[in-house]
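Below: one structure, written as structure tokens.
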Amino acid sequence: MNHQMRQEQDRVKRVIEIIDEQIEILENETGRRKDEVVDIRRNFWDEVKVNTDTFDDFLETVLSLRQQAQVLTVSQSTHRQAVKKLSSLRRMKAKPYFGRIDFLEEGDTSAEDIYIGIGSLTDKTGEDFLVYDWRAPISSVYYDYPPGPAEFETPGGTIKGELMKKWQYIIKDGTLESMFDTSLTIGDEVLQQVLGKRTDNFMHNIVATIQQKQNQIIRHDSGKLLIVHGAAGSGKTSAALQRIAYLLYKYRENLNADQIILFSPNTMFSSYVSNVLPELGEENMEQVTFQDYLNHRLSDEFEVEDPYQQLEYVLLHKEDDNYNARTNAIIFKASNHFFELIKSYRSSLETSGMIFKGIRFRGESIVTSEQITERFYSYEPSIKFHNRIEMLTDWLKDQLKKAEKRERTKPWVEEKIELLSKEEYQKAFKYLNRKNDTKEESFRNYDEEKEALTRMIVRKRFRGLRRKIENLQFIDIKAIYKQLFTNPSVIESLTKGALPEDWDEMSRSTEEMLSEGKLNYEDATPYLLLKELILGFQMNTSIKHVIIDEAQDYSPFQFEFLKRLFPAAKMTVLGDFNQAIFAHAREHVNFHLLTSLYGENESDTILLTQSYRSTKPIIEFTRGLVPPDREIEAFDREGEIPALTIVEDRKELHQHIEWRVEELKKKGFHSIAIICKSAAESEAAYSGLTGVKDLKIVKAGALQYEQGLVVIPTYLAKGIEFDAVIIYDASSRQYGDESLRRLFYTACTRAMHELHLYSVGEPTPFIENNADYKLIE
């Protein structure tokens, strides 16, 4: 070991000793704080003199209560901070830091050694930093600059100076294994080691290997919208998760994890990325899928199709008579044009077209739908739409009151009273006494008793109707949405006759679907938007930041909806056009439309072209599958070239795959994916590969990502990486249509170390026509 390595190892040892000391102090402190919090909670009322005899006594009690509550809040907060710091120190103990810069600030005579790790550490005085948090302003120099002039932003302004040296450390369990002098980038040696590793069940943080472009994403802090367009394997998701950790650090006084929401493609992906923030000492943000939200809002009314069911239809039902009309409807209903059309339709309802449900009680009409419509349109047109609905609701409640009065004289009420059991009578009596705040033991006379019971019984029977009116359930949203497709005069007045192709067929199938109590995925967001525009928009103003992953799978319609849903939030959008596999994105997809969400001045775009996931041969092969205008650069990591095997039939296919799996296992690969085009093909592969041990099938709805050997449809593998990938059947029969190019590209780009393609018969033309990389000569 040379002199410099010895010095650095001694420093690692000293830092770990200080970490141990601080852990011991904090363990004692957190234990004491916890007892303190428990004690304050237990004795809260003992400390407060409760006296309400006079106003002064009352005021004294209120102030005393407030004081005790503040003491409790401070103790809880201090305990939380101490626990968080303790957790950070425990993680730092094995690897206190991973990098160092020697930075000479303008005006100083000597450079300061800045060591960088996943958390900050000071000496006993609390003044000298032994390790800086990777998110601290000065740490950005480490990621952004080669040696030479450098600067970084602080709350007090820009600090300029010179970066003299940049080092990387590999420390394991307190031992310095190696250190590198890196000049241009975060050293290739460390990145090669990280990328060469086998995968496990979770995505991990990348703080030791953040590249300059990724650092721009993490620290970006202007405008309302950040768009990140990155090639497969470029670290988009990793950078976004580190971005959340950075925001939680920078705005720790007024931002917490509950105010950040991440939209994931599916629940399994949410499980896959759930480890990153805890690794960095931060709480996980809320993770949901867009489908979760749709189900939350609509599953009481409909059976809502999910995006994977829609995709399965598009992939497998090309022979259907209705196929073209359905795919055209998917594209049209996802468009910005349809979004504007729904808004125009809602505006037109101010003058005509509202449909209401009549209100009936015991088979008799209280008020008909026609009467409600007539009443609604009798209000002065200048009164705002939602105010008219409010007025209508009050009028309906009045009609209900009148109906209640009439019902009290009906024979059914008397019958109900006569049939009351003794227990029911006692219960009713107690309820009425409680309501009237009396302590009598019985009714004063029979008439009083009968009247009270009559009122109570009728009131109870009308309770459900009252609730429906208060919840605006008398507005027939389903019929109003259906009217768009069944009433030609409505749609023609909105589109001036410029209807999309197959409109009649679209309308017929939409009407059928709604009548069956179903809602296709392409209809779910438009239906919900119309509902919100009529009933009043439900907004979430507590969310301050929204991250949308796999953003190419979202339609312009959905983005507009999310902007309305989270009006106080900034948005980070991550995507790759080449992986836009859903039917609504069949046309040329890009994020240009997104800039109109908040305007160009509030929007920034960062492009990531370097791909790190796969070996150089795999990247060179996969980039030849997509249009050449999308630049994708391979990180220089060598590996085996992708292999294509053509077989005669399924029996031979399964024999080859079974042999290949055994070979890959011998190489020590932990995760091997047999990727299929659809769920139906996955089922067939799973049934056929009987000779493969420990094979699992992944289906839509899987709650967590499982390591090992899996059969999985392409769309569920999206966003996840595997040590080795086997493309189950890359034949032209499966991937012959140009619309499947992105699906095929997505499947192939899941591979980190090895990619094996099998084809039953003639291979897909995407391989044959690959100008960059010839697997077929």
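Residue numbers start at 1 and run along the sequence shown. Just so it is clear, the model here is predicted, and its values are computed rather than measured.
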- line: Hits for side-chain hydrogen bond (donor to acceptor under 3.5 Å, both in side chains) against Thr175, two or more places apart or cross-chain, chain-then-number order -> none

Inter-residue atom distance Leu608.CG - Ile632.CD1, 0.5 Å rounding: 12.0 Å

- request: Answer yes or no: is there a side-chain heavy-atom contact under 4.5 Å between Leu262 and Ile548?
  value: no

query: Which of parallel (below 30°), tilted (30 to 60°) and perpendicular (above 60°) describes Phe290 and Phe263?
result: tilted

Under 3.5 Å: donor-acceptor pair, side chain of Asp102, backbone of Lys165: no

Can you give me every donor-acceptor pair (side chain of residues 105-118, partner residue at least two apart or in another chain, under 3.5 Å) with its distance?
from   : atom 1 : to     : atom 2 : distance (Å)
Glu112 : OE2    : Tyr132 : OH     : 3.4
Tyr115 : OH     : Glu8   : OE1    : 3.3
Tyr115 : OH     : Glu8   : OE2    : 3.4

query: Who pairs with Asn215 by side-chain hydrogen bond (donor to acceptor under 3.5 Å, both in side chains), at least two apart in sequence or on another chain?
result: Asp144, Arg219

- prompt: To the nearest 0.5 Å, how far apart are OH in Tyr143 and CD1 in Ile101?
  reply: 10.0 Å

With sequence neighbours excluded, residues passing salt bridge (Lys or Arg N to Asp or Glu O under 4.0 Å) with Lys93: Asp20

task: Output yes when a side-chain donor or acceptor of Ser611 lies under 3.5 Å from a complementary backbone atom of Ala231, and no otherwise.
output: no

- prompt: Going by distance alone, is a donor N or O of one side chain under 3.5 Å from an acceptor N or O of the other, for Asp549 and Thr237?
  reply: yes

query: Side chain of Gln259, backbone of Lys544: donor and acceptor closer than 3.5 Å?
result: no

query: Counting distance only, does the side-chain N/O of Gln242 pair as donor-acceptor with the main-chain N or O of Ser238 below 3.5 Å?
result: yes

task: Spell out, as yes or no, whether a donor-acceptor pair under 3.5 Å connects the side chain of Gln22 to the backbone of Thr122.
output: yes

Interatomic spacing from CG in Asn540 to OH in Tyr293 - rounded to 0.5 Å: 8.5 Å

query: Any donor and acceptor pair, going by atom type alone, linking the side chain of Glu602 with main-chain N or O of Gly599 inside 3.5 Å?
result: no

message: Holding to salt bridge (Lys or Arg N to Asp or Glu O under 4.0 Å), I want the full list of residues that pass it with Arg135, two or more places apart in sequence or in another chain.
response: Asp133, Glu282

- line: All heavy atoms of Pro96 vs all of Val131, minimum pair found to be O-CG1, 3.7 Å

task: Check the pair Thr609, Glu633 against side-chain hydrogen bond (donor to acceptor under 3.5 Å, both in side chains), reporting the backbone distance first and the verdict last.
output: CA-CA 6 Å; Thr609 54; Glu633 300 163 33; 2.9 Å; yes

task: Would you tell me whether His753 and Arg637 have side-chain atoms, one donor and one acceptor, within less than 3.5 Å of each other?
output: yes

- prompt: Looking at residues at least two apart in the chain, or sitting in another chain, which of them share a side-chain hydrogen bond (donor to acceptor under 3.5 Å, both in side chains) with Thr572?
  reply: Arg243, His545

Can you give me every donor-acceptor pair (side chain of residues 149-158, partner residue at least two apart or in another chain, under 3.5 Å) with its distance?
from   : atom 1 : to     : atom 2 : distance (Å)
Glu153 : OE1    : Thr158 : OG1    : 2.9
Glu153 : OE2    : Thr158 : OG1    : 2.8
Thr154 : OG1    : Gly156 : N      : 3.1
Thr154 : OG1    : Gly157 : N      : 3.2
Thr154 : OG1    : Gly157 : O      : 2.8

field: Main-chain N/O of Gly230 paired to Lys236 side chain as donor or acceptor, under 3.5 Å
entry: yes

task: Decide yes or no for Glu177 and Met5: does some side-chain heavy atom of the first lie under 4.5 Å from some side-chain heavy atom of the second?
output: no

message: Check Asp723 with Lys667, please: is the shortest side-chain N to carboxylate O separation under 4.0 Å?
response: no

message: For a 4.5 angstrom cut-off between non-hydrogen side-chain atoms, does Gln552 reach Gln579?
response: yes

message: Is there a side-chain contact between Glu638 and Lys616 in this structure, where contact means two heavy atoms from C-beta onward sitting under 4.5 Å apart?
response: yes

message: I'd like to know whether CG of Asn254 has more than 12 heavy-atom contacts from other residues, nucleotides or ligands below 6.0 angstrom.
response: yes

- prompt: Under 4.5 Å between any side-chain heavy atoms of Tyr145 and Gln212, yes or no?
  reply: no

Pairs flagged by salt bridge (Lys or Arg N to Asp or Glu O under 4.0 Å) wherever residues 252-261 is involved - sequence neighbours left out: none

field: Stepwise side-chain hydrogen bond (donor to acceptor under 3.5 Å, both in side chains) test for Ser264 and Ser270
entry: CA-CA 6 Å; Ser264 300; Ser270 299; 3.2 Å; yes

task: Kindly say whether Pro137 contributes a backbone atom to a donor-acceptor pair with the side chain of Ser140 at under 3.5 angstrom?
output: yes

query: Is Phe722 close to Met752 at the side-chain level, that is, under 4.5 Å between some pair of heavy atoms?
result: no

- prompt: For Lys718, what residues pass the salt bridge (Lys or Arg N to Asp or Glu O under 4.0 Å) criterion, not counting sequence neighbours?
  reply: Glu550, Asp553

message: Tell me every residue that passes salt bridge (Lys or Arg N to Asp or Glu O under 4.0 Å) with Arg14, counting only those two or more places apart in sequence or in another chain.
response: none

message: Looking at every heavy atom in both Arg750 and Ala232, which two are closest together, and how far apart are they?
response: NH2-CB, 4.0 Å

message: Using modelled atom types and a 3.5 Å cut-off, is there a donor and acceptor pairing between side-chain atoms of Lys213 and backbone atoms of Ile606?
response: no

field: Distance in Å, Asp221 CG paired with Leu226 CG, rounded so as to fall on 0.5 Å steps
entry: 10.5 Å

message: Less than 4.5 Å apart, side chain to side chain, heavy atoms only: is that true for Pro146 and Leu163?
response: no

Sequence-distant partners of Phe559, ring pair (Phe, Tyr, Trp, His ring centres under 6.0 Å), two or more places apart: Tyr554

- request: Please check if atom CD in Glu24 has more than 12 non-hydrogen atoms from other residues, nucleotides or ligands closer than 6.0 Å.
  value: no

task: Go through the structure and list residues passing side chain to side chain contact (heavy atoms under 4.5 Å, CB included) with Gln291, not counting sequence neighbours.
output: Thr289, Leu294, Asn295, Val304, Asp306, Pro307, Tyr521

